[in-house]
Amino acid sequence: MIYAIDTETTGLQPYKKDKILCTAVWSEARQFVCDGVNDEVRTILGDPTNTVFMHNAKFDWRFFNQVGVTVNAKIICTMALARLMKSDLHSLSLANLGALIGHAKDDSVKKYLDKNKHYVMEIPTGKKQKRKNYDFSKVPREILHPYALQDTKVTYELGLHEHKILEEISNNTPPNLPNVKDVVINENKLTRVLFKMEHEGVKINHDYVEHQRRKEVFNYMTAVKKIENLTGVRPFSDSRFYYAPAFKKAGVPVPTTDKGNPTFAKSVLEPLKTPLSEAILAYRKAYKRANTYYQSYIDLVGNDGLIHCNFRQAGAYHGRMSCSDPNLQNVPKESVDAEDLEDAALIRRCFIPKRDLFAMLDYDQMEYRLMLDYAREMEMIEQVKSGVDVHTAAAELMRVDRFTAKVINFMLLYGGGAGKLAETLGISLNDAKDLKRLFFAKLPNVKQFFNNATRTAETRGYIFNWLGRRVYIPKDKPYVAANSLIAGGCADIMKVAMVRVDALLDDFESKMCLNVHDEIVLDMVRGEENVLPLVRKIMVDAYPHKYLPMSVGIDVSYTSWSDKKPYEHDTA
DNA sequence: GAACAACGCACC
DNA sequence: AAACGGTGCGTTGTTC
């Protein structure tokens, strides 16, 4: 039987304070809303023969888990499938997707809360901007229940609609080509894998976080005083209107943004090396570390001392995931001198294993390898297979230094042009054009691959990646097609691998706890390290290469997400 | 006063 | 001929 289920909750934090208010269920045969969760809901979710549509399924799942509901039913996240159905949607909210199939937004709950002012405007600790915190528990049942039921109705119809569209795409695909069906199967399995991984969470070293936060607050306050002394103007504000007069007085030319505003970005300030520019950079660095990183971990850690971040399965339009609350995919990777190692203030040291150790497995030069395999660039492939690093190989091929080759390599992956190349390398536009020509002359198959992808995007409007994911390419930016094939292709390799790694680890105590695009982190018990080569094999085999296989490196740490060392029992 | 744009910066 | 890709999250500034 097919159902759609939706919960209404007191808020967004099941691991801290929030509870289920009601659960709504919709099927052909029966529709109802109950307070909290009742036995009928438990029975539906406990039955493995049932299929249940949920919009942003992992959110509701967390609350079911909180009250001990066993979820055996096949869970289908209509938000994740929406990305497969139509990759270029800006918003995957139920309201937005419902509008596609003719359901107007039901904003009765929000209207009620606004009208009756059931919210508090507060400035969170360490922040400057006010936030609106709604109190959903104040919504009367007469308003909340019909609202929840309406959402399940829309979710139900959306789920059926998505399946119809995806089946059409699948049926219209020639049998010898990758089929979106395989992507659908994997994404549906992945929803459960991600739920398990998020529930595992990552342990936080609370004392360390708090200590570091205080240190960074002191650092940025010191920088503020310094800036005010240098400019003679207070109060300080990290704004172009504050900076412009000071730099004008010093006779420093200030570049502008695309919109014509003066910019004081890092790339502008860094070369100046004046006391003021350095104080501003110090302020920004410390402020960001104190708030975006340390403070957010304190705010978001659960009562269990773990961070349960949200892996957005449908995060990026080309198939990559993203991460929020907090975003653990952009935690700084700082390099320090060997002498400073002991007392270096590394943000990744906030994260410590809740069992015995972390294992970090990451694909080597994943995107570049996929590009070479797609392009059948055999000369380069042979070099890489013999162990030469891709930037060194490119440097030798073009007879330039490794840094130049690296810049060109990245620019290529991102579809960049000669202008940006010139800017990054600090060379003339003509020299940059020559370099680009040289690159494509040496890698003719890569050039062919890029041209083919771009032409396909121009004529057809979308591309299929190796697994069968369809990605729409904006009409005015066909040059991003190759990047979408590569980045999204890598994402699907990782997503396939994660589903298989999760299955493998069912027989072990060690579990996955993080994903950072081309890296997964396992929280492991001592004694299970022997599973690591098996995990690596799964990751390598996830991509059925034609010419160049994937390659995976393994690091371990018994102390934190930082301070890692190569895993050595596995010399191939 | 709140929503929206623009900017800046961390990661892959 | 030329076009750097994708995120999340914080601030300041503008607008209605």
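Here the structure is a predicted model, which is why all the values come from computation and not from measurement. Proteins come first, then strands; the chains are lettered A, B, ... in the order of their sequence lines, and each starts at number 1.
The CG-C1' distance, from A/D238 to C/dG10, rounds to 10 Å in whole Å. If you take OH of A/Y243 and C1' of C/dT11, they are 11 Å apart, rounded to a whole angstrom. Taking atom CD1 of A/I280 as the reference point, atom C1' of C/dT11 lies 15 Å away to the nearest angstrom. One interatomic measurement links the two molecules: CG of A/N133 to C1' of B/dA2, which rounds to 15 Å at whole-angstrom precision. What separates CE of A/M411 from P of C/dG5 is a distance of 10 Å, to the nearest Å. If you take CG of A/N310 and C1' of C/dG8, they are 11 Å apart, rounded to a whole angstrom. Look at CG on A/L269: it is 8 Å from P on B/dC9, rounded to the nearest Å. Going from atom NZ of A/K433 over to atom P of C/dC4 covers 13 Å, rounded to whole Å.
For the OP1/OP2 pair of B/dA6 and a distance below 4.0 Å, the side-chain nitrogens and oxygens of A/K259 include at least one atom meeting the criterion. Proximity of A/K477 to the phosphate of C/dG5: a side-chain N or O atom is located under 4.0 Å from OP1 or OP2. Within the 4.0 Å cut-off from OP1 or OP2 of B/dC9, at least one side-chain nitrogen or oxygen of A/R284 is found. Not one side-chain nitrogen or oxygen of A/N291 sits closer than 4.0 Å to the OP1 or OP2 atom of C/dC9. The shortest distance between the side-chain N/O atoms of A/Y287 and the OP1/OP2 oxygens of C/dT11 is below 4.0 Å. Side-chain N/O atoms of A/K266 include one lying less than 4.0 angstrom from OP1 or OP2 on B/dA10. Taking 4.0 angstrom as the limit, A/K420 places none of its side-chain polar atoms (N or O) nearer than this to OP1 or OP2 of C/dA2. Distances shorter than 4.0 Å separate some side-chain N or O of A/K128 from OP1 or OP2 on C/dT12. Close to B/dA10, at under 4.0 Å from its OP1 or OP2, lies no side-chain N or O of A/T292. Between A/S324 and C/dT7, a side-chain N or O to OP1/OP2 separation shorter than 4.0 Å is absent.
The aromatic rings of A/Y15 and A/H308 sit parallel, their planes meeting at an angle under 30°, below the 60° perpendicular limit. A perpendicular orientation is assigned to the rings of A/Y297 and A/Y294, their planes being inclined by more than 60° (bins at 30° and 60°). A perpendicular orientation is assigned to the rings of A/Y462 and A/F464, their planes being inclined by more than 60° (bins at 30° and 60°).
Nearer to the 5' terminus of DNA chain C, by closest-nucleotide assignment, is the contact made by A/E458 (compared with the other of A/N483 and A/E458). In terms of position along DNA chain C, the nucleotide closest to A/D476 lies nearer the 5' end than the nucleotide closest to the other residue of the pair A/D476 and A/H517.
In this structure, B/dA3 and C/dT14 make a Watson-Crick or G-U wobble pair, each of the two defining distances being under 3.5 angstrom. Searching all strands for a Watson-Crick or G-U wobble partner of C/dC4 with both distances below 3.5 Å returns nothing.
Side-chain proximity of A/Y293 to B/dA10, C/dG10, B/dC7: nearest is B/dA10. Considering only side-chain atoms of A/P332, the nucleotide from C/dG10, B/dA10, C/dG13 that sits closest is B/dA10. Nearest to the side chain of A/K127, among C/dG10, B/dA6, B/dA2, sits C/dG10. Of the candidates C/dG6, C/dG8, C/dC9, the closest approach to any side-chain atom of A/D325 belongs to C/dC9. Listed candidates were C/dG13, C/dG6, C/dG8. Nearest to the side chain of A/F241 is C/dG13. Closest to the side chain of A/V516, out of C/dG10, B/dC12, C/dG13, is B/dC12.
Within the nucleic acid shown, A/M366 has no heavy atom closer than 4.0 Å to any nucleic acid atom. In this structure, A/N327 reaches the sugar-phosphate backbone alone: every heavy-atom distance under 4.0 Å involves primed, P, OP1 or OP2 atoms, never a base. Residue contacts shown for A/G488 are absent, as no nucleic acid heavy atom lies under 4.0 Å away. Nucleic acid contact for A/R131: sugar-phosphate only, since backbone atoms but no base atoms lie under 4.0 Å from a heavy atom of the residue. Counting non-hydrogen atoms under 4.0 angstrom, A/T424 reaches nothing in the nucleic acid. When heavy atoms are screened at a 4.0 angstrom cut-off, A/F410 is found touching no nucleic acid atom at all. A/A482 comes within 4.0 angstrom of nothing in the nucleic acid, heavy atoms only. Among the atoms of the strands shown, none is found under 4.0 Å from any heavy atom of A/C490. Backbone-only contact: A/A265 has heavy atoms under 4.0 Å from sugar-phosphate atoms and none from a base.
The closest side-chain donor-acceptor pair between A/N96 and A/S93, if any, does not fall under 3.5 angstrom. Side-chain N/O atoms of A/E216 and A/N219 include a donor and acceptor closer than 3.5 Å.
Within 3.5 Å, a donor on the side chain of A/K288 pairs with an acceptor on the base of B/dC9, or the reverse. A/R240 contributes no side-chain N or O that forms a donor-acceptor pair with the base of B/dC7 under 3.5 Å.
Aromatic stacking is not marked for A/Y479 over C/dA3, as the cut-offs of 5.5 Å for the centres and 30° for the planes do not both hold.
In this structure the side chain of A/F311 never reaches within 4.5 angstrom of the side chain of A/L328, judged on heavy atoms.
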Q: Apply the test salt bridge (Lys or Arg N to Asp or Glu O under 4.0 Å) to residues A/R284 and A/D238: give CA-CA distance (whole Å), side-chain angles for both, the deciding distance (0.1 Å), then the verdict.
A: CA-CA 8 Å; A/R284 288 196 188 144; A/D238 186 10; 3.2 Å; yes
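Taking both residues in full, the closest heavy atoms of A/H318 and A/R469 are given as O-CD, 3.4 Å, listed atom of the first, atom of the second, then distance.
The C1' atoms of B/dC12 and C/dC4 are separated by 14 Å, rounded to the nearest whole Å.
Summarising the geometry, atom CG belonging to A/L281 is positioned 9.5 Å from atom NZ belonging to A/K273; distances are rounded to the nearest 0.5 Å.
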